Colleague: 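I have a structure I would like to understand better, so I am pasting it below and will then ask my questions one at a time.
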Amino acid sequence: MDYAIETKNLTKNFKKHLAVDHVNMHVRPHSIYGFVGPNGAGKSTIMKMLLNLVQPDSGDVFIFGEKVTDKSYEIFKHIGSIIENAYFYDGISARDNLQLHCEYMGYPDFGRIHEVLRLTGLDPDMNKAVKHYSLGMKQRLAIARAILTKPELLILDEPINALDPEGIREMRNLLRKLNEEYGTTVLISSHILSEVELIADDIGVINNGVLIKELTLQDIHDHQTEYIHLEVDDVARCSQILDQMGLSNLEITDDHTIRIYRCPLSGMEITGALARSGIGIESIWKKQDTLEDYFFELLGGEDK
């Protein structure tokens, strides 16, 4: 298939440091791809190479099936992006900044300016000079500029930085709307894994410049396991009692903690049986592995 983004053996060194190591990335058209990894893992460098802002030492980038070169001017007319810090003309208004962007991009629909300012919640402050904007407002303006020309592809590097919880929720809804109603493909990096889990169709995990794994969110959900987390004063005795109750799928994680997997009994039934046997119970709760749990499991496995 033709991917919205595909890289083949993408590699980049900085002063003998291998920042990106033969990365083969695949972003499906009309999907939201969450790009996750620790700071310094190579996310921003890859995004810059996708946009031809940084030249790879080797490997190729393909956008909608077309190889990116120094002459790929037409491709970039269909891409909106935020890479690291966004810069504006601070002395003029948000509306004027976006009008300048329309003129620069050769985009004639100035009416779209009010639409994106409304979508990002900036319409009440559209005439205020950007120098009076908070960091969160500037981040909203960066997103407004990125979606101004109705791009087919959005490449967003940490776009929810500096946003408050309400702003993060609004941006999540906006990106979903762009994806679902307009078919916009979104590549989004973030260190807020819980947010990526709420929005992404596919996940790419990168560490030390190596793309460890690409998988769908359904793959992650299939991997996630629900279990009962139990903290007690006598793990050995507790495990014996649980085994007698037919709960043999146990994991002792430390001197006071047991996990019970695929448990057919309720927490009340378990605590009642343990209490009658004289086991002291510190806490009990039901838990399911999150994307963060899976992420750190992948990084731990990669480091071994």
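Note that the structure is a prediction, hence the values are computed from the model and not measured. Numbering of residues begins at 1 and proceeds along the displayed sequence.
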Colleague: Report yes if some heavy atom in the side chain of Ile113 is under 4.5 Å from a heavy atom in the side chain of Leu148; otherwise report no.
Modeller: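 Heavy-atom side-chain distance check passes, below 4.5 Å.
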Colleague: Provide the closest heavy-atom pair for Ala146 versus Leu154 in the form atom of the first, atom of the second, distance.
Modeller: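 Of all heavy-atom pairs spanning Ala146 and Leu154, the closest is O-CD2, 3.6 Å.
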Colleague: Which value, rounded to the nearest 0.5 Å, describes the distance between Thr120 atom OG1 and Glu170 atom CD?
Modeller: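 Result: 9.0 Å between the selected atoms.
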Colleague: Is Ile82 linked to Val54 within one hydrophobic cluster, defined over Ile, Leu, Val, Met, Phe, Trp and Tyr using a side-chain heavy-atom separation of less than 4.5 Å?
Modeller: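 No, Ile82 and Val54 fall in different hydrophobic clusters.
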Colleague: Would Glu195 and Met171 count as a side-chain contact (heavy atoms from CB on, under 4.5 Å) here? Give the steps.
Modeller: CA-CA 10 Å; Glu195 281 301 316; Met171 287 304 105; over 6 Å; no
Colleague: Supply the members, apart from Tyr227, of the Ile/Leu/Val/Met/Phe/Trp/Tyr cluster built from side-chain contacts under 4.5 Å; use none for a lone residue.
Modeller: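 When side chains under 4.5 Å apart are linked, the cluster holding Tyr227 also contains Tyr261.
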Colleague: Please answer: with hydrophobic residues joined when any side-chain heavy atoms are less than 4.5 Å apart, are Leu119 and Leu141 in the same cluster?
Modeller: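 Same cluster.
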Colleague: If you look at every heavy atom in Val61 and Leu10, which pair is closest and at what distance?
Modeller: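 The answer is CG2-CD1, 3.8 Å.
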Colleague: According to the side-chain hydrogen bond (donor to acceptor under 3.5 Å, both in side chains) rule, which pairs have a member within residues 178-188, sequence neighbours left out?
Modeller: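 Counting only pairs at least two positions apart or across chains, no side-chain hydrogen bond (donor to acceptor under 3.5 Å, both in side chains) contact touches residues 178-188.
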Colleague: Indicate yes or no for a side-chain donor-acceptor contact from Asp164 to the backbone of Gly167 under 3.5 Å, with no hydrogens or angles considered.
Modeller: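 It does hold such a pair.
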Colleague: Does NZ or CZ of Lys12 come closer than 6.0 Å to the centre of the six-membered ring of Phe14, within 45° of the ring's axis?
Modeller: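 Yes, Lys12 and Phe14 form such a contact.
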Colleague: For residues Leu50 and Ile5, report the shortest heavy-atom separation together with the two atoms involved.
Modeller: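 Result for this residue pair: CD2-CG2, 3.7 Å.
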Colleague: If you link ILVMFWY side chains whenever their heavy atoms are less than 4.5 Å apart, which other residues fall into the same cluster as Tyr89? By chain and number, please.
Modeller: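 Its cluster partners, ordered by chain and number, are Ile92, Leu100.
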Colleague: Drop me the distance from Asp219's CG to Ile203's CD1, to the nearest 0.5 angstrom.
Modeller: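 If we round to the nearest 0.5 Å, Asp219:CG and Ile203:CD1 are 10.5 Å apart.
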Colleague: Could you tell me the separation between the CD atom of Glu74 and the CD atom of Glu66, rounded to the nearest 0.5 Å?
Modeller: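 Going from the CD atom of Glu74 to the CD atom of Glu66 covers 9.0 Å.
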Colleague: How many angstroms lie between CG in Asn127 and CG in Leu122, if you round to the nearest 0.5 Å?
Modeller: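 Reported value, rounded in 0.5 Å steps: 12.0 Å.
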Colleague: So, using salt bridge (Lys or Arg N to Asp or Glu O under 4.0 Å) as the criterion, who are the partners of Glu158 when residues are at least two apart?
Modeller: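 Partners of Glu158 by the salt bridge (Lys or Arg N to Asp or Glu O under 4.0 Å) criterion come out as none, since no residue qualifies.
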Colleague: Does the cation-pi check pass for Lys8 over Phe62, that is, NZ or CZ under 6.0 Å from the six-membered ring centre and within 45° of its axis?
Modeller: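 Yes, a cation-pi geometry holds between Lys8 and Phe62.
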Colleague: Would you say Val116 ends up clustered with Ile143 if hydrophobic residues are merged whenever their side chains have heavy atoms under 4.5 Å apart, either directly or through other cluster members?
Modeller: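 As far as the 4.5 Å side-chain criterion goes, Val116 and Ile143 are connected within one cluster.
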Colleague: So do the side chains of Leu174 and Ile147 get within less than 4.5 Å of each other, counting heavy atoms only?
Modeller: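 In short, these two side chains touch, coming nearer than 4.5 Å.
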Colleague: Is there a donor-acceptor pair under 3.5 Å between the side chain of Asp201 and the backbone N or O of Ile32?
Modeller: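 Yes; judged by distance alone, with no hydrogens or angles, the pair exists.
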Colleague: With sequence neighbours left out, write down each residue that passes side chain to side chain contact (heavy atoms under 4.5 Å, CB included) with Asn173, or none if nothing qualifies.
Modeller: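 Partners of Asn173 under the side chain to side chain contact (heavy atoms under 4.5 Å, CB included) test: Arg169, Arg176.
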Colleague: For Val235, what are the other residues in its hydrophobic cluster, where any two members join if their side-chain heavy atoms are less than 4.5 angstrom apart?
Modeller: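 Hydrophobic cluster check, Val235: joined to Ile228, Leu230, Val232, Ile241, Leu242, Met245, Leu247, Leu250, Ile252, Ile258, Ile260, Leu265, Ile270, Leu274, Ile279, Ile281, Ile284.
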Colleague: Could you tell me whether a side-chain N or O of Arg95 sits under 3.5 Å from a main-chain N or O of Met126, the two making a donor and an acceptor?
Modeller: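 Not confirmed, Arg95 side chain does not pair with Met126 backbone.
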Colleague: What distance do Leu98 atom CG and Tyr107 atom OH have between them, rounded to the nearest 0.5 Å?
Modeller: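 Rounded to the nearest 0.5 Å, the CG-OH separation comes out at 12.0 Å.
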Colleague: Please check this pair: side chain of Asp2 against backbone of Gly65, looking for a donor-acceptor N/O pair closer than 3.5 Å.
Modeller: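 Looks like no, no N/O pair under 3.5 Å.
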Colleague: Quick one: which of Lys77, His78, His30 gives a side-chain hydrogen bond (donor to acceptor under 3.5 Å, both in side chains) with Glu152?
Modeller: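 Exactly one option meets the side-chain hydrogen bond (donor to acceptor under 3.5 Å, both in side chains) with Glu152, and it is His78.
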Colleague: Decide salt bridge (charged side-chain N to carboxylate O under 4.0 Å, His left out) for Asp109 and Arg112; before the verdict, give the C-alpha distance in whole Å, the side-chain angles of both, and the deciding distance to 0.1 Å.
Modeller: CA-CA 6 Å; Asp109 186 4; Arg112 172 73 172 163; over 6 Å; no
Colleague: Which pairs, with at least one residue in residues 33-46 and sequence neighbours excluded, count as a side-chain hydrogen bond (donor to acceptor under 3.5 Å, both in side chains)?
Modeller: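 Every side-chain hydrogen bond (donor to acceptor under 3.5 Å, both in side chains) pair that includes a residue of residues 33-46, provided the two are not neighbours, is Tyr33-Glu214, Ser44-Asp157.
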Colleague: Going by side-chain hydrogen bond (donor to acceptor under 3.5 Å, both in side chains), name the pairs with one or both residues in residues 270-280, residues two or more places apart or in two chains.
Modeller: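 For residues 270-280: none.
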Colleague: Measure the shortest side-chain to side-chain distance between Leu153 and Val27 over non-hydrogen atoms and say whether it is less than 4.5 angstrom.
Modeller: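 No, their side chains stay 4.5 Å or more apart.
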Colleague: What distance separates His256 NE2 from Glu282 CD, expressed to the nearest 0.5 Å?
Modeller: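 Atom-to-atom, His256:NE2 and Glu282:CD are 8.0 Å apart.
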Colleague: Given the rule that I, L, V, M, F, W and Y join up when any side-chain heavy atoms are under 4.5 Å apart, are Met25 and Leu51 in one cluster?
Modeller: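 Cluster IDs for Met25 and Leu51 match.
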Colleague: I would like to know whether Thr11 and Val20 meet side-chain contact (heavy atoms from CB on, under 4.5 Å); could you show each step before the answer?
Modeller: CA-CA 5 Å; Thr11 302; Val20 177; 5.7 Å; no
Colleague: Taking all atoms of both residues into account, what is the closest heavy-atom pair of Phe76 and Val68, and its distance?
Modeller: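 Closest heavy-atom pair between Phe76 and Val68: CZ-CG1, 3.8 Å.
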Colleague: Using side-chain contact (heavy atoms from CB on, under 4.5 Å), reason through Thr7 and Leu211 one step at a time and then give a plain yes or no.
Modeller: CA-CA 11 Å; Thr7 69; Leu211 188 61; over 6 Å; no
Colleague: If the condition is side-chain hydrogen bond (donor to acceptor under 3.5 Å, both in side chains), which residues does Tyr133 pass it with, not counting sequence neighbours?
Modeller: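 Tyr133: no side-chain hydrogen bond (donor to acceptor under 3.5 Å, both in side chains) contacts found.
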Colleague: List in chain and number order the residues that pass side-chain hydrogen bond (donor to acceptor under 3.5 Å, both in side chains) with Arg145, two or more places apart in sequence or in another chain; answer none if no residue qualifies.
Modeller: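 Result, side-chain hydrogen bond (donor to acceptor under 3.5 Å, both in side chains) vs Arg145: none returned.
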Colleague: According to salt bridge (Lys or Arg N to Asp or Glu O under 4.0 Å), does anything in residues 261-274 pair up with another residue at least two apart or in another chain? List the pairs.
Modeller: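 Salt bridge (Lys or Arg N to Asp or Glu O under 4.0 Å) check on residues 261-274 returns no pairs.
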Colleague: Considering only heavy atoms from C-beta outward, does the side chain of Ser190 approach that of Ile160 to under 4.5 Å?
Modeller: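 Yes, close enough: below the 4.5 Å cut-off.
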Colleague: Just wondering, do Lys138 and Val130 contact through their side chains at under 4.5 Å, heavy atoms?
Modeller: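 A side-chain contact under 4.5 Å exists here.
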Colleague: Can Asp202 and Arg28 be said to form a salt bridge (charged side-chain N to carboxylate O under 4.0 Å, His left out), step by step?
Modeller: CA-CA 9 Å; Asp202 303 319; Arg28 295 182 295 123; 2.9 Å; yes
Colleague: Show the nearest heavy-atom pair for residues Val196 and Gly34, with the distance to one decimal.
Modeller: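 So the minimum-distance heavy-atom pair works out to CG1-CA, 3.8 Å.
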Colleague: Side-chain contact, heavy-atom cut-off 4.5 Å: Asn9 with Ser58?
Modeller: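 No - every pair of side-chain heavy atoms lies 4.5 Å or more apart.
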Colleague: List the residues meeting side-chain hydrogen bond (donor to acceptor under 3.5 Å, both in side chains) with Lys286, not counting sequence neighbours, and say none if there are none.
Modeller: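 Here no residue qualifies.
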Colleague: Taking all non-hydrogen atoms of both residues, which atom of Gly80 and which atom of Pro151 are closest, and how far apart?
Modeller: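 So the two residues come closest at N-CB, 3.4 Å.
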Colleague: Please say yes or no: joined through hydrophobic side-chain contacts below 4.5 Å, possibly via intermediate residues, are Leu175 and Ile168 part of one cluster?
Modeller: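 Cluster IDs for Leu175 and Ile168 match.
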